[in-house]
Trainee: 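Shown below is the structure under consideration.
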Amino acid sequence: MKERILFAAAQEMNERGIKFTIDSVAARLGISKKTIYQYYPSKDELITSIIDAALADVETQRNRILTGEGDFVSKLTAIVTLEPRLFGKINYWIMDDIKRWRLSEWERIMSFRRERTHYIAQILEEGIASGHVRPINTRVAARMLLSTVGDFLEYNFLAENNLTFTDALKELNDIFQYGVLAGYAAVEPPSGGRES
C-alpha cells in the first residue's frame with residue numbers, strides 16, 4: 001500500500017504541482033486520508049519520499065550505466081540524457097514549483113546533481129584513455145554539461161523554445177559529442193588546452 005500511495009502522490013504532483021492535496025491522492029486510490037496518514041504522517045513527508053525515490057532511481061540507473069558493458073558513446077549518451085523514470089514522464093515545470101515552494105528539497109536536488117560531475121568526468125576520462133575523446137579538462141567539461149542541464153530545469157526556457165526536457169537533453173548530447181563546426185571548419189583544436 002505504501003508504494004501505491006507514493007506512486008499515486010507522484011502522479012498527483014506531476015499533474016497539479018506541489019499544491020496537490022492528500023484528498024486528491026486518496027480519491028485517486030479510492031482510500032481514506034486516514035489510510036494515507038498511516039504510511040505518511042504528513043504531505044511534507046510524502047513529497048520528500050517522492051523526491052527520494054526519484055533520486056534513488058537516477059542513482060540506480062547511473063550505477064547500471066557506469067558498470068555496464070556499453071561502448072563509450074553509448075555510456076556518455078546514457079549519462080548525459082539520464083532522468084528519473086520511476087514515475088513515468090515528468091512535467092518539468094514541477095521543478096519550478098519545487099524551487100519556489102520547497103527550497104530545501106530544491107537544494108537537495110541541486111546537490112545531487114553536482115555530485116554527478118564526478119561520474120561524467122569519469123566517463124570522459126575513460127573516453128580519453130580509449131582514444132574516443134581528445135585530451136581535455138574532464139572536470140570543466142563535466143561541469144559545463146551539468147550547468148547546461150541545470151539551465152534546462154528552468155521551465156521558461158523549455159516553454160519558450162517549445163522543447164521537452166528530454167528533447168533538450170538529446171540536443172545537448174548531440175552538440176557536446178559532435179560539436180558545432182561543420183565540414184572544413186571542423187579541424188583539430190588548437191594546442192595549449194589543458195588535460196584533466
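Keep in mind it's a predicted model, so treat the numbers as computed, not measured.
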Trainee: Minimum heavy-atom separation for Leu146 and Arg114, please, with both atom names.
Mentor: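 The answer is CD1-O, 4.4 Å.
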Trainee: What distance do Leu55 atom CG and Ile109 atom CD1 have between them, rounded to the nearest 0.5 Å?
Mentor: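 Answer for the CG-CD1 pair, Leu55 versus Ile109, is 6.0 Å.
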Trainee: Go through the structure and list residues passing salt bridge (Lys or Arg N to Asp or Glu O under 4.0 Å) with Asp23, not counting sequence neighbours.
Mentor: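 By the salt bridge (Lys or Arg N to Asp or Glu O under 4.0 Å) rule, Asp23 matches Lys33.
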Trainee: Any pair with a residue in residues 42-51 that passes salt bridge (Lys or Arg N to Asp or Glu O under 4.0 Å), sequence neighbours left out, goes on the list, sorted by first then second residue, please.
Mentor: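 Every pair satisfying salt bridge (Lys or Arg N to Asp or Glu O under 4.0 Å) with a residue in residues 42-51: Asp44-Arg102.
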Trainee: With side-chain contact (heavy atoms from CB on, under 4.5 Å) as the test, would you mind laying out the steps for Ile65 and Tyr119 before giving the verdict?
Mentor: CA-CA 10 Å; Ile65 292 164; Tyr119 300 106; over 6 Å; no
Trainee: Which atom pair, heavy atoms only, marks the closest approach of Ala141 to Ile136?
Mentor: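 Heavy atoms of Ala141 and Ile136 come nearest at CB-CD1, 3.8 Å.
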Trainee: Would you call Ile98 and Ile51 a side-chain contact if the rule is heavy atoms closer than 4.5 Å?
Mentor: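 Yes - at least one pair of side-chain heavy atoms lies under 4.5 Å apart.
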Trainee: Within this structure, what is the CD-CD1 distance for the pair Glu12 and Ile47, rounded to the nearest 0.5 Å?
Mentor: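 So the CD of Glu12 and the CD1 of Ile47 are separated by 12.0 Å.
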Trainee: Out of curiosity, Asn14 CG to Ile50 CD1, how far, rounded to the nearest 0.5 Å?
Mentor: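 Between Asn14 CG and Ile50 CD1, I get 9.5 Å after rounding to 0.5 Å.
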Trainee: Going from CZ on Arg139 to CD on Glu125, what distance comes out if it is rounded to the nearest 0.5 angstrom?
Mentor: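 Arg139 CZ to Glu125 CD: 6.5 Å, rounded to 0.5 Å.
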Trainee: Determine yes or no for a side-chain-to-main-chain donor-acceptor pair under 3.5 angstrom, with Arg16 supplying the side chain and Thr21 the backbone.
Mentor: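 Checking the backbone N and O of Thr21 against the side chain of Arg16, no donor-acceptor pair under 3.5 Å is found.
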Trainee: Show every ring-ring contact (aromatic ring centres under 6.0 Å, His included) that has at least one partner inside residues 32-74, sequence neighbours left out.
Mentor: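 Only Phe72-His132 qualify under ring-ring contact (aromatic ring centres under 6.0 Å, His included).
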Trainee: Which heavy-atom pair separates Val25 from Ala8 by the least distance, and what is that distance?
Mentor: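 The pair with the smallest heavy-atom distance is CG1-CB, 4.1 Å.
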Trainee: Please enumerate all residues that pass side chain to side chain contact (heavy atoms under 4.5 Å, CB included) together with Phe165, with sequence neighbours excluded.
Mentor: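 Phe165 satisfies side chain to side chain contact (heavy atoms under 4.5 Å, CB included) with Glu83, Tyr92, Val149, Phe152, Leu153, Leu158, Leu169 only.
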Trainee: First locate atom OG of Ser74, then atom CD1 of Ile79, and finally report the distance between them rounded to the nearest 0.5 Å.
Mentor: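 Here the interatomic distance stands at 12.5 Å.
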Trainee: Less than 4.5 Å apart, any side-chain heavy atom of Phe20 and any of Leu46?
Mentor: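 They are in side-chain contact.
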Trainee: Listed by chain and number, what are the side chain to side chain contact (heavy atoms under 4.5 Å, CB included) partners of Glu126, not counting sequence neighbours?
Mentor: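 Here the qualifying residues are Lys75, Gln122.
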Trainee: What pairs meet the salt bridge (Lys or Arg N to Asp or Glu O under 4.0 Å) rule with one or both residues in residues 47-58, with sequence neighbours excluded?
Mentor: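 Sorted result for residues 47-58: Asp52-Arg108.
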Trainee: Under a 4.5 Å side-chain heavy-atom rule over Ile, Leu, Val, Met, Phe, Trp and Tyr, are Val140 and Leu145 clustered together?
Mentor: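 In one cluster with Val140: Leu145, no.
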Trainee: Write out all pairs satisfying side chain to side chain donor-acceptor pair (under 3.5 Å) with one or both partners inside residues 2-11, taking only residues at least two apart or from two chains.
Mentor: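 Sorted pair list: Gln11-Arg28.
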Trainee: Between Phe7 and Met13, is there a shared hydrophobic cluster once you connect ILVMFWY residues whose side-chain heavy atoms come closer than 4.5 Å?
Mentor: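 Yes, Phe7 and Met13 fall within the same hydrophobic cluster.
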Trainee: For Ala53, enumerate each residue passing the side chain to side chain contact (heavy atoms under 4.5 Å, CB included) test, keeping only those at least two apart in sequence or located in another chain.
Mentor: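 Ala53 satisfies side chain to side chain contact (heavy atoms under 4.5 Å, CB included) with Leu6, Leu86, Phe87 once adjacent residues are dropped.
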Trainee: Could you check if a side-chain atom of Ile31 sits within less than 4.5 angstrom of a side-chain atom of Ile5, using non-hydrogen atoms only?
Mentor: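 Ile31 reaches Ile5 side chain to side chain.
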Trainee: For Ala168 and Leu163, work out which heavy atoms get closest and say how close.
Mentor: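 Minimum heavy-atom separation between Ala168 and Leu163: CB-CD1, 4.3 Å.
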Trainee: How close do Asp71 and Val73 get, heavy atom to heavy atom, and via which atoms?
Mentor: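 Result for this residue pair: OD1-N, 3.0 Å.
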Trainee: Who passes side chain to side chain contact (heavy atoms under 4.5 Å, CB included) against Asn173, sequence neighbours left out?
Mentor: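 Side chain to side chain contact (heavy atoms under 4.5 Å, CB included) list for Asn173, sorted by chain: Thr77, Val80, Thr81, Gln177.
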Trainee: Mind checking side-chain hydrogen bond (donor to acceptor under 3.5 Å, both in side chains) for Arg143 and listing every partner two or more places apart, or none if nothing turns up?
Mentor: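 Arg143 satisfies side-chain hydrogen bond (donor to acceptor under 3.5 Å, both in side chains) with no residue once adjacent residues are dropped.
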Trainee: Within the structure provided, determine whether Glu105 and Thr48 are in side-chain contact (heavy-atom separation under 4.5 Å).
Mentor: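 Yes, side chains in contact.
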Trainee: With sequence neighbours excluded, tell me which residues meet side-chain hydrogen bond (donor to acceptor under 3.5 Å, both in side chains) with Thr60.
Mentor: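 With sequence neighbours excluded, Thr60 shows a side-chain hydrogen bond (donor to acceptor under 3.5 Å, both in side chains) to no residue whatsoever.
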Trainee: Minimum heavy-atom separation for Leu124 to Ala142, with atom names?
Mentor: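 In terms of heavy atoms, the two residues are closest at CD1-N, 4.2 Å.
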Trainee: I'd like to check the salt bridge (Lys or Arg N to Asp or Glu O under 4.0 Å) partners of Glu171; sequence neighbours left out, ordered by chain and number.
Mentor: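 None.
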Trainee: CG of Leu82 to CD of Gln61: how many Å apart, nearest 0.5 Å?
Mentor: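 The CG atom of Leu82 sits 5.0 Å away from the CD atom of Gln61.
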Trainee: Do Thr148 and Phe176 touch side chain to side chain, with heavy atoms closer than 4.5 Å?
Mentor: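 No, side chains not in contact.
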